[in-house]
Amino acid sequence: MDIKDPLLLEKANAEWYRLSLEAGLFAEADRRFLVAITAEEGGPSQWICVELQDSWDIMGRGASSLLGSGYCRPEFRMLSLDGAVLSCGTTWQSEVSVFVLKSLNRSQVLRKFAEWVATGDIGHPAESFAARRWLDNP
């Protein structure tokens with residue numbers, strides 16, 4: 001979605017919701033999911049359980065605080081409660097992107113990345129431990 005689009009907020013929120021609901025990040029009846037929050041720069045991410053309220057704004061107010069770098073500038077990772085669906089938002093030079101990955105445990109690309117994280121060569125030790133735990137419990 002083009003950053004210059006006057007309807008960016010509405011389109012980005014609608015697309016995030018559609019993709020996330022269809023993929024199973026949450027259900028209409030139970031709108032809880034996990035959000036990765038990094039408390040300090042360079043520190044580990046922690047997954048916090050949240051529930052989408054009737055009045056929500058992921059791309060505007062959300063991206064202005066914990067979910068991005070500014071209004072309509074998302075930078076987030078969200079995970080379904082069962083760990084099977086990942087929803088991400090990011091900002092490029094002139095675009096905002098939202099994507100969803102399903103069946104994470106079957107993704108060879110993610111497994112390869114998790115193996116790299118598990119070595120401890122990147123990230124925080126807590127993230128290396130979490131990657132190893134995920135790999136060991138498919």
Side-chain angles (χ1 to χ4, degrees):
M1 291 162 270
D2 189 334
I3 287 176
K4 295 179 183 173
D5 186 334
L7 297 176
L8 175 62
L9 177 63
E10 293 82 3
K11 289 179 179 179
N13 271 331
E15 190 65 5
W16 170 81
Y17 187 83
R18 182 188 69 75
L19 287 171
S20 297
L21 185 62
E22 286 177 4
L25 178 68
F26 55 83
E28 278 293 340
D30 181 5
R31 300 192 315 177
R32 293 178 301 143
F33 55 95
L34 304 171
V35 176
I37 303 294
T38 305
E40 60 186 64
E41 192 172 329
S45 295
Q46 295 185 26
W47 291 98
I48 307 298
C49 185
V50 299
E51 183 174 8
L52 192 65
Q53 299 298 301
D54 290 336
S55 175
W56 57 270
D57 181 4
I58 299 296
M59 299 298 177
R61 290 186 321 264
S64 292
S65 57
L66 294 175
L67 302 177
S69 59
Y71 190 82
C72 286
R73 302 297 183 265
E75 298 295 338
F76 61 77
R77 292 171 293 148
M78 300 169 174
L79 187 65
S80 62
L81 294 179
D82 65 2
V85 177
L86 178 69
S87 174
C88 299
T90 194
T91 303
W92 304 94
Q93 186 172 352
S94 61
E95 304 248 336
V96 168
S97 295
V98 177
F99 60 92
V100 177
L101 302 170
K102 295 171 39 174
S103 304
L104 299 177
N105 60 338
R106 293 189 296 194
S107 170
Q108 292 305 311
V109 171
L110 288 179
R111 293 192 71 76
K112 192 172 191 173
F113 179 72
E115 288 169 2
W116 183 43
V117 172
T119 66
D121 290 342
I122 65 164
H124 191 276
E127 292 171 341
S128 297
F129 176 77
R132 174 53 47 207
R133 188 176 66 231
W134 181 74
L135 287 164
D136 291 345
N137 296 300

Working to the nearest 0.5 Å, report the span between [atom1] of [X] and [atom2] of [Y].
X: Asp5; Y: Cys72; atom1: CG; atom2: SG; result: 10.0 Å
X: Asp30; Y: Leu52; atom1: CG; atom2: CG; result: 11.0 Å
X: Ser97; Y: Glu15; atom1: OG; atom2: CD; result: 10.5 Å
X: Gln108; Y: Glu115; atom1: CD; atom2: CD; result: 8.5 Å
X: Ser107; Y: Lys112; atom1: OG; atom2: NZ; result: 11.5 Å

Kindly say whether Arg106 contributes a backbone atom to a donor-acceptor pair with the side chain of Ser103 at under 3.5 angstrom? no
So, does Asn13 use its side chain to make a donor-acceptor pair with the main chain of Asp57 at under 3.5 Å? no
In sequence, state the C-alpha distance, the side-chain angles, and the governing distance for Trp47 and Val35, and then conclude on side chain to side chain contact (heavy atoms under 4.5 Å, CB included). CA-CA 5 Å; Trp47 291 98; Val35 176; 5.6 Å; no
Check the side chains of Glu75 and Thr90 for a donor-acceptor pair under 3.5 angstrom, ignoring hydrogens and angles.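 Side-chain D/A pair, Thr90 to Glu75: present.
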Side-chain polar contacts of residues 76-87 - donor-acceptor pairs under 3.5 angstrom, sequence neighbours left out - could you list them?
residue : atom : partner : partner atom : Å
Arg77   : NH2  : Ser45   : OG           : 2.6
Ser80   : OG   : Asp82   : OD1          : 2.6
Ser80   : OG   : Gly83   : N            : 3.4
Ser80   : OG   : Ala84   : N            : 3.1
Ser80   : OG   : Val85   : N            : 3.0
Asp82   : OD1  : Ala84   : N            : 3.0
Ser87   : OG   : Trp16   : NE1          : 3.3
Ser87   : OG   : Ser20   : OG           : 3.4

Six-ring centre of Trp134, Arg111 cation under 6.0 angstrom, axis tolerance 45°: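 Yes, a cation-pi geometry holds between Arg111 and Trp134.
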Applying side chain to side chain contact (heavy atoms under 4.5 Å, CB included) to Arg31 and Asp54, what does each step give before you reach the verdict? CA-CA 10 Å; Arg31 300 192 315 177; Asp54 290 336; 3.2 Å; yes
Is any side-chain heavy atom of [X] closer than 4.5 Å to a side-chain heavy atom of [Y]?
X: Leu8; Y: Lys11; result: no
X: Phe99; Y: Leu19; result: no
X: Arg61; Y: Ser55; result: yes
X: Leu66; Y: Ile37; result: yes
X: Tyr71; Y: Leu9; result: yes
X: Cys88; Y: Val98; result: no

Which heavy-atom pair separates Ala131 from Ala118 by the least distance, and what is that distance? CB-N, 3.9 Å
Step through the shown structure and confirm whether more than 12 heavy atoms of other residues, nucleotides or ligands are within 6.0 Å of CZ on Arg18.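 Counting neighbours around CZ of Arg18, more than 12 heavy atoms of other residues, nucleotides or ligands fall under 6.0 Å, so yes.
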Joint cluster assignment, Trp116 & Phe129, ILVMFWY side-chain distance < 4.5 Å: no
Could you pull out all residues at least two apart from Gln53 that satisfy side-chain contact (heavy atoms from CB on, under 4.5 Å)?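 Counting only residues at least two positions away or on another chain, Gln53 forms a side-chain contact (heavy atoms from CB on, under 4.5 Å) with Glu51.
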